[in-house]
> 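My questions all concern the structure below.
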Amino acid sequence: MVDAPARLTVLSGPSGVGKGTVVAEVRRRHPEVWVSVSVTTRARRQGEVDGVHYHFVDDAEFDRLIAEDGLLEWAEYAGNRYGTPVAPVRERLAAGAPALLEIELQGARQVRERQPEAQLVFLAPPSWAVLVSRLAGRGSEPAEVQERRLAIAQAELDAAGEFDRVVVNDDVARAADELVSLLTAPSSPCLSQGTGAPTTD
Ligand SMILES: Nc1ncnc2c1ncn2[C@@H]1O[C@H](COP(=O)(O)OP(=O)(O)OP(=O)(O)O)[C@@H](O)[C@H]1O
Ligand SMILES: Nc1nc2c(ncn2[C@@H]2O[C@H](COP(=O)(O)O)[C@@H](O)[C@H]2O)c(=O)[nH]1
């Protein structure tokens, strides 16, 4: 990732759309892309590694991080809390290096407030039916949790217009191409040239 600007980029989008999959593909091609490791109170899924996928903490530790202003943003999502440790992001940007966050909508809005120069990218599904089938196909949550996440997803899709760019995840390689081009694009005071709205069909 030669000459990527030292910009904060936020990738958001509904649960199951493929944010983690697309970011993994970007990092497979460009291992130097730095992605923030969030803090969460959610229980660890099978295969998740503390400090790699998340920093898994209890409620008391999460409260402490909020109290000491240690989070750039945080949100309660589907019964758990998630947040971005602020220090590593600040260090990256201060060193003139880019940083990527993979977070949900409330957090993206907080980043917009605190860092208006950040680039906000929304990852959209090709259709509602595809989103439902990806979330179910992943099989990481029981049916009632999937339902809860899908209810939130409706509101998240409605907010896609708040983002600087919309990337449709119809194909992992193609969506990763698009994300790489956004990560390497020169910073611009006007980022509002959306590439299309998601569909909820
Ligand atoms: N373009 C794609 N085509 C087909 N399947 C995909 C595509 N992108 C992702 N998937 C699959 O969809 C499922 C959800 O993807 P992923 O876990 O990356 O979503 P996510 O947006 O990171 O979810 P969450 O926000 O819940 O962490 C996975 O099983 C993944 O393999
Ligand atoms: N506001 C934040 N949202 C985050 C953060 N880290 C992850 N997330 C988002 O939470 C949901 C659920 O994630 P899951 O791992 O339980 O499937 C998803 O949209 C993530 O992108 C964060 O630091 N802040």
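The model shown is predicted, which means the values in this text are computed figures rather than measured ones. Read the numbers this way: they start at 1 and go in the same order the structure lists the ligands and their atoms.
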> Among protein heavy atoms, which lies nearest atom 1 (N) of ligand 1, and at what distance?
N169 OD1, 2.9 Å
> Mark up the atoms of ligand 2 that fall under 4.0 Å of a heavy atom belonging to G107, in ascending order.
1 (N)
> Would you check whether P14 reaches within less than 4.0 Å of ligand 1, judged by its heavy atoms?
yes
> Tell me which protein heavy atom sits closest to atom 18 (O) of ligand 1, plus the residue, atom name and distance to 0.1 Å.
T21 OG1, 2.5 Å
> Between ligand 1 and G20, is the shortest N or O to N or O distance under 3.5 Å?
yes
> Show which atoms of ligand 2 fall inside a sub-4.0 Å distance from at least one heavy-atom site of A75.
1 (N)
> Go through ligand 2 atom by atom and flag the ones less than 4.0 Å from a non-hydrogen atom of Y77.
11 (C), 12 (C)
> Please determine if K19 and E104 form a salt bridge, counting it only when a charged side-chain N lies under 4.0 Å from a carboxylate O.
no
> So if I count the atoms of ligand 2 from 1 in the order they appear, which ones are less than 4.0 Å from some heavy atom of G83?
22 (C), 23 (O), 24 (N)
> Looking only at non-hydrogen atoms, which of R45, R81, E141 approaches atom 17 (O) of ligand 2 most closely?
R45
> Numbering the atoms of ligand 2 from 1, which are under 4.0 Å from a heavy atom of K19?
19 (O), 21 (O)
> Which atoms of ligand 1 are found less than 4.0 Å from any heavy atom of V172?
1 (N), 2 (C), 7 (C), 8 (N)
> Counting heavy atoms only, which of R174, R149, E25, R138 is nearest atom 28 (C) of ligand 1?
R138
> Enumerate the atoms of ligand 2 whose separation from the nearest heavy atom of R42 is less than 4.0 angstrom.
14 (P), 15 (O), 16 (O)
> Looking only at non-hydrogen atoms, which of H53, K19, R134 approaches atom 5 (N) of ligand 1 most closely?
R134
> Is G16 near ligand 1, meaning one of its heavy atoms is under 4.0 Å from it?
yes
> Is it the side chain, the backbone, both or neither of E102 that has a heavy atom closer than 4.0 Å to ligand 1?
side chain
